[in-house]
Number of protein chains: 4
Amino acid sequence: MKTPNPARRSERSRQAILGAAFDLVAESGYARLTIEAIAARAGVGKQTIYRWWPSKGAVFVDAFLSRTSDEEGNLALPDTGDLRADLRLVLRAIVDEYNDPGLDTMSRALIVESLNDPAINTEITARIMEPHLEATRERLRGAQRAGQVAEDADLGVAVELLYGPVYHRWILRTAPLTHEYADTVVEFVLGALRVTQAPR
Amino acid sequence: MKTPNPARRSERSRQAILGAAFDLVAESGYARLTIEAIAARAGVGKQTIYRWWPSKGAVFVDAFLSRTSDEEGNLALPDTGDLRADLRLVLRAIVDEYNDPGLDTMSRALIVESLNDPAINTEITARIMEPHLEATRERLRGAQRAGQVAEDADLGVAVELLYGPVYHRWILRTAPLTHEYADTVVEFVLGALRVTQAPR
Amino acid sequence: MKTPNPARRSERSRQAILGAAFDLVAESGYARLTIEAIAARAGVGKQTIYRWWPSKGAVFVDAFLSRTSDEEGNLALPDTGDLRADLRLVLRAIVDEYNDPGLDTMSRALIVESLNDPAINTEITARIMEPHLEATRERLRGAQRAGQVAEDADLGVAVELLYGPVYHRWILRTAPLTHEYADTVVEFVLGALRVTQAPR
Amino acid sequence: MKTPNPARRSERSRQAILGAAFDLVAESGYARLTIEAIAARAGVGKQTIYRWWPSKGAVFVDAFLSRTSDEEGNLALPDTGDLRADLRLVLRAIVDEYNDPGLDTMSRALIVESLNDPAINTEITARIMEPHLEATRERLRGAQRAGQVAEDADLGVAVELLYGPVYHRWILRTAPLTHEYADTVVEFVLGALRVTQAPR
DNA sequence: AATTAACCGAGACGGTACGTCACGTCTTTTA
DNA sequence: TAAAAGACGTGACGTACCGTCTCGGTTAATT
């Protein structure tokens, strides 16, 4: 097993592969994605894919990231000073994303790969979820500094309190994801953050 | 397309198939589960599987349920009158389940199938998740009647506030799932439930 | 590795595979023959070929035999009493076969496979060459009984003396294979066998 | 299409390639010989092979010749005056060569390439077989001049009568190649040539 | 009790995709 | 500017499973 030399890598092929993978998932869903189809669509040999990616899932994660990373330059949450308004805004936006059929399909595919492959799980968490969570934590930190949030509140858990319910409902489809729902979650979270002490 | 007659179904084969499916997932993971392997292990013709189940995922869901349904007769949460203690108990139990390698593997497999196949999603939600959520909702309703929880609190969302964060952390593996973490979430939820008013 | 059950074998597929293999060699030569092409042309899954034949060469040998075995019912050489005439006839016929482009291609392919694969060599020798050599030996035995051939002549070597030169020239293409050449070889062989009759 | 300049050719690479090709065939047989393996073993770029040889077979023929040409400076047959003895000597030597596993493998590989590729067939015939046949023809010519062989005997065919049977038996493996067999063939040939000397 | 329909095990079949190998071409870097 | 190194598009390999389709051979339930 040789390790290929990245300096000699064909950028043209890389782009074509990522583009083909992304488009194929958009058209037929992730379950029907095959390496052969990616190679055919990209006009590329299968070996070129196997040379640079360890699995189909890894290709797709890369494809997803290269398509979405452009816009996500600024992950920072708005800080209008009104925490309630800012959180509503971001949670409603997330609800909208999950309600977009295209993004919904992609995101579910990402979760599936993440569940099947620890390496991909690590990458997705690090490159997609963590930055997002950190941006939200940062916003809460600001509110904490402004005295709007209890000083001893664990903000790492707080962001999960915010996103977890939406995530849970999205994956399990237990009920529709609406703006109203987002607002309700925000109210609960705001209530939780005003708690100043935890026994024991 | 014939519809087979359930009366003539071989119970022996049904058991063998479910057992084989369960064991194979336990041994090699859900991703490596194949119909052929189930049939071979169960000493059964492939057609017998295709006759009674629409997909590999459906077999596995059945297998999972038939193995776990024994114990789950009593889903009701304890009601000691101490809501904090009761919620901690149940959330710590869930954390323990997710930390059990066997159950972890099975549960992730269930989620994967659920994400890939709407029919299975419906079944899993209805047969596994909903009963559990409802039991928790029932416990909160009791607390609400006892005046420990704000009267206007949306308990459907409240249970998601409780389980969502754990679920989020479990799937994404953003951080370890500990009893301490469970307790922290419970504190937040208790704080949220004491909020008596929601603006707008 | 399971051994398949010949009773369940599809005769239709077998025929289609042999036909496709034969036609493909006739069209493009043996070097360009592939299992994939045979499967595609025969409308058959590749596995069906791998299930019943150990190699591409084995398929081709079978194909060749099933196409030629019809005519070869009577391998016996003519016995007009005139050994010279009979041997000329058979050696000229062989020269004609080697000069037929189709048969030439097929026969060279057979030799190549025979050289590469001992199992195929055994089969070709036993099923194609030996019967032919034996028929010729039988004719010489008759002549020996009739006193036209020296009593102590080793007829097994004699038939090689007859066919070997033609074979040598055919494979190495050292010179053209003509009827005249065949006749010359026959004369030498008759001389070697101490046959005293005058030529022409 | 550039024609490379032979003056700039690397002698070191040429030697390494021929050596690698020869050794690889000796180790694993001709069927498993690949250009990639030759290049790797020789520490040479694949292009260097493609630049100077038209095919894998051509490399091997060159490799074979460069390994064997050293010894074959003198192809001339012995001429002791005793034709029987001289022919026995040369035919027994050939039988010995075919019975040597290494030479057997190489020679079969040569025949395979010769059958597959007319260009190689021409080269092998001209550079290996023809010189040998001509040397034998020359010996027979001497015998003819000495009155030991019929004046009108076609010596071109006569040498095929000598080598053809051995060749036939070697390729088809119809029976073992022994010295006794060689002697028997010689006797037949001497008979065919009307040589009158008594055997032994 | 004999008949008959179904389910059953077994596994061959036409397919699709896998991941690998080697081909012959092409490009970059080194000497 | 040939040579080494090796990435590339291509195509075939042999394997794993898919879901469908016969085959006998048990079972039931019906005659």
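Here the structure is a predicted model, which is why all the values come from computation and not from measurement. A note on names: the letters A, B, ... follow the listed sequences, proteins ahead of strands, and every chain is numbered from 1.
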Using only atom types and a distance under 3.5 Å, with no angle test, would you say the side chain of Ser107(B) pairs donor to acceptor with the backbone of Leu103(B)? yes

Ile17(A) CD1 to dA7(F) C1', in whole Å, measures 12 Å

Rounded to whole Å, NZ of Lys56(D) lies from P of dC21(E) at a distance of 16 Å

| task | Tell me, with the steps shown, if Leu24(C) and Phe60(C) meet side-chain contact (heavy atoms from CB on, under 4.5 Å). | result | CA-CA 10 Å; Leu24(C) 285 166; Phe60(C) 175 60; over 6 Å; no

Of the candidates dC18(E), dG9(E), dC13(E), the side chain of Thr48(C) sits closest to dC13(E)

>> Regarding Arg51(C), tell me which of base, sugar-phosphate or nothing describes its non-hydrogen contacts under 4.0 Å with the strands shown.
In response: base

Backbone N or O of Leu33(D) within a donor-acceptor pair of the Lys56(D) side chain at under 3.5 Å? yes

By side-chain hydrogen bond (donor to acceptor under 3.5 Å, both in side chains), Trp52(B) pairs with (sequence neighbours left out) none

Whole-Å distance, Arg12(A) CZ to dC8(F) C1', equals 10 Å

To the nearest angstrom, the CG-C1' distance between Asn5(D) and dA2(F) comes to 10 Å

The residue, Glu11(C) or Pro6(B), whose nearest nucleotide of DNA chain E is more 5′ is Pro6(B)

### Task
Check whether any side-chain nitrogen or oxygen of Ser13(A) sits under 4.0 Å from OP1 or OP2 of dG9(F), and answer yes or no.
yes

For nucleotides 26-31 of chain E, 5' to 3', base contacts (B), sugar-phosphate-only contacts (S) and non-contacts (-) with protein non-hydrogen atoms under 4.0 Å give B-BS--

Below 4.0 Å: OP1/OP2 of dT27(F) and any side-chain N or O of Ser10(B) = no

When rounded to the nearest 0.5 Å, the distance separating OG of Ser114(A) from CD1 of Ile111(B) is 12.0 Å

Residues Pro4(A) and Pro6(A): closest non-hydrogen pair is O-CD, 3.2 Å

Leu24(D) atom CG is separated from dA22(E) atom P, nearest whole Å, by 11 Å

Rounded to whole Å, CH2 of Trp53(D) lies from P of dA2(F) at a distance of 15 Å

- When we call it a touch if two heavy atoms are under 4.0 Å apart, what does Arg14(D) touch: a base, just sugar-phosphate, or nothing? nothing

Q) Sub-3.5 Å donor-acceptor pair from the side chain of Ser66(D) to the main-chain atoms of Ala63(D), do we have one? A) yes

Considering only heavy side-chain atoms of Trp52(C), the closest of dC7(E), dG24(E), dC13(E) is dC13(E)

Main chain of Val44(C), side chain of Thr48(C): is a donor-acceptor contact present, judged purely on distance under 3.5 Å? no

message: Within the structure provided, determine whether Leu115(D) and Asn121(D) are in side-chain contact (heavy-atom separation under 4.5 Å).
response: no

Ordered by number, residues from residues 27-45 of chain A within less than 4.0 Å of DNA chain E (heavy atoms) are Thr34(A), Ile35(A), Glu36(A)

Separation of dC17(F) atom C1' from Ile49(B) atom CD1, nearest Å, is 12 Å

